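Each chain gets a letter, A, B and so on, in the order the sequences are listed, and its residues count up from 1. Only this structure's heavy atoms are used, side chains among them; waters, hydrogens and symmetry mates stay out. Fair warning: this is a prediction, and the values are worked out from it, not measured in the lab.
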Amino acid sequence: MPELPEVETLRRQLEKILPGSEVLGIEVFDKSRIGELENICNCRVEEICREGKFLKLKLSGGREIVVHLRMTGHLYWLEKGDIPPAKHARLLISFLQGKICLIDPRRFATVEIRTQDKCQLKILDAYRDSITGKDLKAAAKSRKIPVKNFLLDQKEVAGLGNIYVCEILFRAGIDPWKKSCDLTTMEWNRIIKEFRPVLKRAIACRGTSVSDWKDLLGEKGSYQEHLQVYGREGQPCFRCKNPVQRKPIGGRSTFYCPVCQGVSQKK
DNA sequence: CCCTATGTTCCCAA
DNA sequence: CTTGGGAACATAGG
C-alpha cells in the first residue's frame, strides 16, 4: 500500500509523539510471519527516519526497529487504554503514552530489530536526494526493461510505487513501455522534474487513499483528489480529453494517456 | 469461478 | 556474471 508519501506521513506523525519515549514492550501476534523479536525494553526512541519505503525507529543503545509495510500494512496509534482492532492486528509496540499497532490484512509487512548500520550504502531517495538526468541516463545504460519498471526498482531510486510512477510518467509525457536505455538525458530530466512536486504535494495531502490507506490517526489522505491518471481508466485525459487507458506492465496496472505519452497501439 | 490490489523476493532461463 | 520475466507470498473484495 504505502509508497514514499504515505511512509513519510507516518514518520512525521510519529516524530511528534515518540522521541524521548521509552519502549515498554513489543508484542507480536503474527509470529509465523513476523517472527520473534529481540527484547528491547529500556531503550528510548531517539529519532524516526525514513529510507525509501522503510521506516526506522532509532533507539538508544545503537539498535533500531525497521518496518516495511509492503502491500497492505499500516500503523495505527492507540491512546493509552485503547483496544487494538479485532482484525489484522499483527504487532504492538508500547510506550507510556500509547501504542503503535501494525495492521496488515495480507501479512506481507516486515518488522525487524537491527543494530544501526553506520556505514550502509546510501540509497537514492526519490524525495530527499537531488538526482540528475545524467545519473539516471548512466544507470539505465544497458537496461532494456520498461522505464516504468526501472523507476519502480528501489535499488535505482527508492520510494516510488505504482501510483506515483504512473503519475510522474504522465506528467512528464513519457511512454511507460519505453526501454530505459532508450531515454535521452532530456527525457530523464523531464521525469526527475516531476519527482519533488508530486511527492511534496502528496506528503502535504498525507498520502493517497484510493482503497484503504489511513494515516497514524486513522485519517484518510487527500492526494487521490489530485491524481491525473491513476485509477482513471476510460475517463478523459485532463490534458487532451482522450480516454485514459490501463494495461499491465510486469503484472501491475499501468494507467496512461496514449496520446500525451506517445504510446503506440497494440500494447 | 474470475480478476484485482499503493510491494518485494526468489527462481529460472537466456 | 548479468538481465529480465514470471511466480510466489496471503488475504479480501468486486
Side-chain angles (χ1 to χ4, degrees), chain A residues 1-11 29-35 50-55 66-75 85-91 102-112 123 126-127 139-170 176-182 198-199 201-203 205-216 219-234 245-256 267:
Chain A
M1 233 169 37
E3 305 180 32
L4 186 154
E6 289 75 27
V7 179
E8 178 63 20
T9 297
L10 293 172
R11 191 197 69 76
F29 302 129
D30 187 8
K31 291 215 169 76
S32 68
R33 291 284 302 174
I34 295 176
R50 179 189 60 72
E51 286 171 25
K53 298 174 195 170
F54 287 93
L55 190 66
V66 183
V67 179
H68 196 301
L69 298 168
R70 303 280 182 125
M71 288 291 271
T72 54
H74 53 278
L75 300 182
K87 279 193 159 284
H88 312 311
R90 309 298 181 198
L91 165 128
L102 169 67
I103 319 282
D104 186 20
R106 284 171 70 180
R107 303 167 70 207
F108 288 156
T110 58
V111 181
E112 289 176 69
I123 50 169
Y127 182 63
K141 190 181 61 168
S142 88
R143 302 299 307 277
K144 297 201 181 83
I145 51 171
V147 57
K148 189 203 180 200
N149 288 357
F150 185 87
L151 292 172
L152 286 172
D153 184 343
Q154 304 295 300
K155 290 185 291 300
E156 303 295 348
V157 176
L160 302 179
N162 203 33
I163 293 178
Y164 297 108
V165 165
C166 289
E167 291 298 302
I168 286 167
L169 288 174
F170 170 77
W177 280 269
K178 187 157 184 169
K179 282 192 223 160
S180 307
C181 57
D182 288 345
V198 167
L199 296 173
R201 185 87 186 262
I203 292 166
C205 288
R206 297 181 351 278
T208 303
S209 295
V210 285
S211 60
D212 56 357
W213 160 252
K214 302 235 179 77
D215 69 12
L216 188 68
E219 299 285 324
K220 287 186 174 184
S222 61
Y223 194 76
Q224 62 278 10
E225 293 161 23
H226 303 282
L227 293 174
Q228 302 286 298
V229 279
Y230 187 88
R232 299 195 65 248
E233 182 182 17
Q245 294 192 10
R246 176 175 68 93
K247 296 222 163 68
I249 299 179
R252 334 269 312 143
S253 275
T254 305
F255 295 88
Y256 62 98
K267 276 176 178 167

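Contact of A/Arg106 with C/dA10 (side chain to base): a donor-acceptor pair of N or O atoms is detected under 3.5 Å. For A/Thr208 and B/dT6, a side-chain-to-base donor-acceptor distance below 3.5 Å is absent, hydrogens and geometry of angles not being considered.
Spacing between atom CG of A/Leu69 and atom P of C/dC9 amounts to 22 Å, rounded to whole angstrom units. Rounded to an integer number of Å, the gap from A/Asp104 CG to B/dA5 P is 18 Å. Per the geometry, CZ belonging to A/Phe54 stands 9 Å off C1' belonging to B/dT8, to the nearest Å. As a whole-Å value, the separation of A/Lys148 NZ from C/dG5 C1' is 15 Å. Computed from coordinates, the A/His88 NE2 to C/dT11 P distance equals 9 Å when rounded to whole Å. Atom pair A/Lys179:NZ and C/dT3:C1' shows a separation of 13 Å (rounding to whole Å applied). Distance A/Lys87 NZ to C/dA10 P: 17 Å, rounded to the nearest Å. Summarising the geometry, the separation between NZ on A/Lys155 and P on B/dT9 is reported as 7 Å, rounded to the nearest angstrom.
Note on A/Arg252: a base of the nucleic acid sits closer than 4.0 angstrom, heavy atoms only. Within 4.0 Å of A/Thr72, counting heavy atoms only, lies no atom of the nucleic acid at all. A/Tyr164 comes within 4.0 angstrom of nothing in the nucleic acid, heavy atoms only. Counting non-hydrogen atoms under 4.0 angstrom, A/Asp153 reaches nothing in the nucleic acid. At a threshold of 4.0 angstrom between heavy atoms, the contacts of A/Pro2 include nucleobase atoms, whether or not backbone atoms are also involved.
Base pairing analysis places B/dT6 opposite nothing; no Watson-Crick or G-U wobble pair with both distances below 3.5 Å involves it. Within the shown strands, nothing qualifies as a pairing partner of C/dA10 under the Watson-Crick or G-U definition with both distances less than 3.5 Å.
The side chain of A/Arg33 sits closest to C/dA10 out of B/dT8, C/dA10, C/dG5. If you check C/dA10, B/dA5, B/dT8 against the side chain of A/Ser253, the one that comes closest is B/dA5.
Stacking between A/Trp213 and B/dT6 is absent: the aromatic ring centre is not both under 5.5 angstrom from the base six-membered ring centre and within 30 degrees in plane angle. Residue ring and nucleobase are stacked for A/Phe108 and B/dG7, with a centre distance beneath 5.5 angstrom and an angle between planes beneath 30°.
Ion pair A/Asp215/A/Arg206 flagged as a salt bridge, since at least one NZ, NE, NH1 or NH2 atom sits closer than 4.0 Å to an Asp/Glu carboxylate oxygen.
C/dA12 sits 24 Å from B/dT9 when the P atoms are compared, rounded to a whole Å.
When the nearest nucleotides of DNA chain C are assigned to A/Lys141 and A/Gly250 by heavy-atom distance, the more 5′-ward of the two goes with A/Lys141.
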